[in-house]
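Here's the structure we're looking at; comments come further down.
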Amino acid sequence: APAHLTAEEAATLPCAAVTVWHALVVRCGLQPGDTGLTIGTGGVSLFAVQIASMLGARVVVLSSSDAKLERARALGATEGINYVTTPDWDGELKKRGIAPDHVVEVGGTATLAKSIKSARMGGNLALIGNLSGGGETNVIPAFMKNLTLHGVFVGSREMFEALNAAVSAHGMRPVVDRVFPFEEIAAALRHLESGAFGKVVVRVS
């Protein structure tokens with residue numbers, strides 16, 4: 001684990017952070033100056049903000065909360081869109097002249113169609129989550145735009161070691177929303193369900 005992190009911060013890296021590293025760095029080939037789009041402000045999405053900005057990319061964040069968008073900007077996000085007050089967020093991106101090179105797609109079928117519309121020609125979509133459940137999506141726009149869709153599930157030890165080296169070099173600190181003792185694990189799950197900003201950690205003593 002990176003030496004500057006607490007045990008609670010380090011515990012957030014093996015799943016969410018390495019998944020984002022796998023998606024953006026290994027599969028999508030993120031470069032400085034690229035633009036990424038991520039949906040929400042959960043653990044995966046905030047790691048997308050932190051890792052992309054750490055590597056010199058711009059990041060657009062979608063959230064249902066203006067307050068969370070401000071917090072995401074403090075972590076390195078360059079643009080924010082409230083998808084409740086602006087449900088046509090794909091159209092809003094177009095108005096702003098933003099066509100993301102890489103989309104970190106965690107919403108699933110409820111957001112995939114708009115993610116496809118938003119991405120630039122020849123861009124990348126990293127399919128990481130399906131928070132919205134089942135459903136169908138028209139894939140014709142994806143191949144008409146020559147998009148590459150990557151199904152990403154965690155990552156290898158080699159990817160994890162590369163991630164840790166980058167976190168150490170840049171001094172990045174994961175976003176821990178709240179730490180609960182093991183005896184309060186039910187409360188921790190309720191807090192997670194309420195829409196935490198970043199990761200919820202359970203401390204085992």
Side-chain angles (χ1 to χ4, degrees), residues 1-6 8-63 71-81 93 98-108 111-112 115-116 118-131 142 145-176 197-199 201:
H4 69 286
L5 299 184
T6 66
E8 290 80 7
E9 290 170 329
T12 70
L13 298 176
C15 186
V18 76
T19 298
V20 172
W21 184 270
H22 183 183
L24 287 179
V25 179
V26 178
R27 300 292 286 276
C28 296
L30 180 80
Q31 297 294 318
D34 284 355
T35 298
L37 169 68
T38 190
I39 301 166
T41 53
V44 167
S45 295
L46 291 185
F47 273 125
V49 172
Q50 291 183 286
I51 290 171
S53 61
M54 178 176 73
L55 299 179
R58 298 175 62 210
V59 196
V60 182
V61 178
L62 305 179
S63 176
R71 293 176 71 184
R73 286 189 184 95
L75 292 171
T78 50
E79 300 269 351
I81 299 174
L93 285 168
I98 300 171
D101 302 287
H102 318 292
V103 180
V104 176
E105 172 54 70
V106 298
T111 54
L112 182 56
S115 291
I116 290 171
S118 301
R120 71 161 172 83
M121 289 289 293
N124 293 284
L125 267 74
L127 305 176
I128 291 176
N130 189 32
L131 297 176
K145 294 182 79 172
N146 196 31
L147 301 181
T148 301
L149 276 65
H150 306 274
V152 180
F153 189 72
V154 199
S156 67
R157 177 180 178 135
E158 183 180 15
M159 295 173 197
F160 188 49
E161 290 176 347
L163 162 71
N164 286 343
V167 169
S168 295
H170 291 270
M172 191 191 92
R173 301 198 85 99
V175 180
V176 175
F197 185 86
K199 302 295 289 182
V201 176

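Just so it is clear, the values below take in all heavy atoms, side chains as well, and ignore hydrogens, waters and symmetry mates.
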Are the side chains of Trp21 and Leu13 in contact, using a 4.5 Å heavy-atom criterion? no

Report yes if the side chains of Ser156 and Val26 come closer than 4.5 Å at any heavy-atom pair, otherwise no. no

Got Glu79 and Ile98 here, is their nearest side-chain heavy-atom distance under 4.5 Å? yes

Apply side chain to side chain contact (heavy atoms under 4.5 Å, CB included) to Ile39 and Ser115, showing your working. CA-CA 9 Å; Ile39 301 166; Ser115 291; 3.7 Å; yes

For residues Arg173 and His4, determine if any side-chain heavy atom of one lies less than 4.5 Å from a side-chain heavy atom of the other. yes

Please report the interatomic distance CG(Leu147) to CD1(Ile116), rounded to the nearest 0.5 Å. 6.5 Å

Can any side-chain N or O of Arg58 pair as donor or acceptor with the backbone N or O of Pro100 at less than 3.5 Å? no

Taking all atoms of both residues into account, what is the closest heavy-atom pair of Ile51 and Ala17, and its distance? CD1-O, 3.8 Å

Can any side-chain N or O of Lys145 pair as donor or acceptor with the backbone N or O of Ala119 at less than 3.5 Å? yes

Quick one: pull up OG in Ser168 and NE2 in His170 and give me the separation to the nearest 0.5 Å. 10.0 Å

Note: Val175 and Phe197 closest approach over all heavy atoms is CG1-O, 3.7 Å

To check you understand the geometry: which heavy-atom pair defines the closest contact between Ala10 and Ala1, and what is its length? CB-CB, 3.8 Å

Minimum heavy-atom separation for Gly76 to Ser53, with atom names? O-CB, 3.8 Å

Indicate yes or no for a side-chain donor-acceptor contact from His102 to the backbone of Thr38 under 3.5 Å, with no hydrogens or angles considered. no

Please round to the nearest 0.5 Å and tell me the distance separating atom CG of Leu37 and atom CG of Leu93. 6.0 Å

What heavy-atom pair brings Ala77 and Val49 nearest, and what distance separates the two atoms? N-CG1, 3.6 Å

Any chance you could measure Met121, atom CE, to Asn146, atom CG, to the nearest 0.5 Å? 6.5 Å

Given side chains that start at C-beta, do those of Thr12 and Phe47 come closer than 4.5 Å, heavy atoms only? yes

Closest heavy-atom pair, Val154 versus Pro14, reported as atoms and distance to 0.1 Å, is CG1-O, 3.7 Å

Side chain to side chain contact (heavy atoms under 4.5 Å, CB included) between Val20 and Leu163: does it pass, once the steps are laid out? CA-CA 10 Å; Val20 172; Leu163 162 71; over 6 Å; no

Could you tell me whether the side chain of Thr78 and the main chain of Val59 form a donor-acceptor pair under 3.5 Å? yes

I want to check something: taking the side chain as every heavy atom from C-beta on, are Val61 and Leu75 in contact at a cut-off of under 4.5 Å? no

side-chain contact (heavy atoms from CB on, under 4.5 Å) with Leu149: of Leu125, Val103, Asn124, only one passes, and it is Leu125

Apply side chain to side chain contact (heavy atoms under 4.5 Å, CB included) to residues Val167 and Leu5 and explain how you reach the verdict. CA-CA 9 Å; Val167 169; Leu5 299 184; 4.3 Å; yes

Enter the distance from Gln50:CD to Met172:CE here, rounded to the nearest 0.5 Å. 4.5 Å

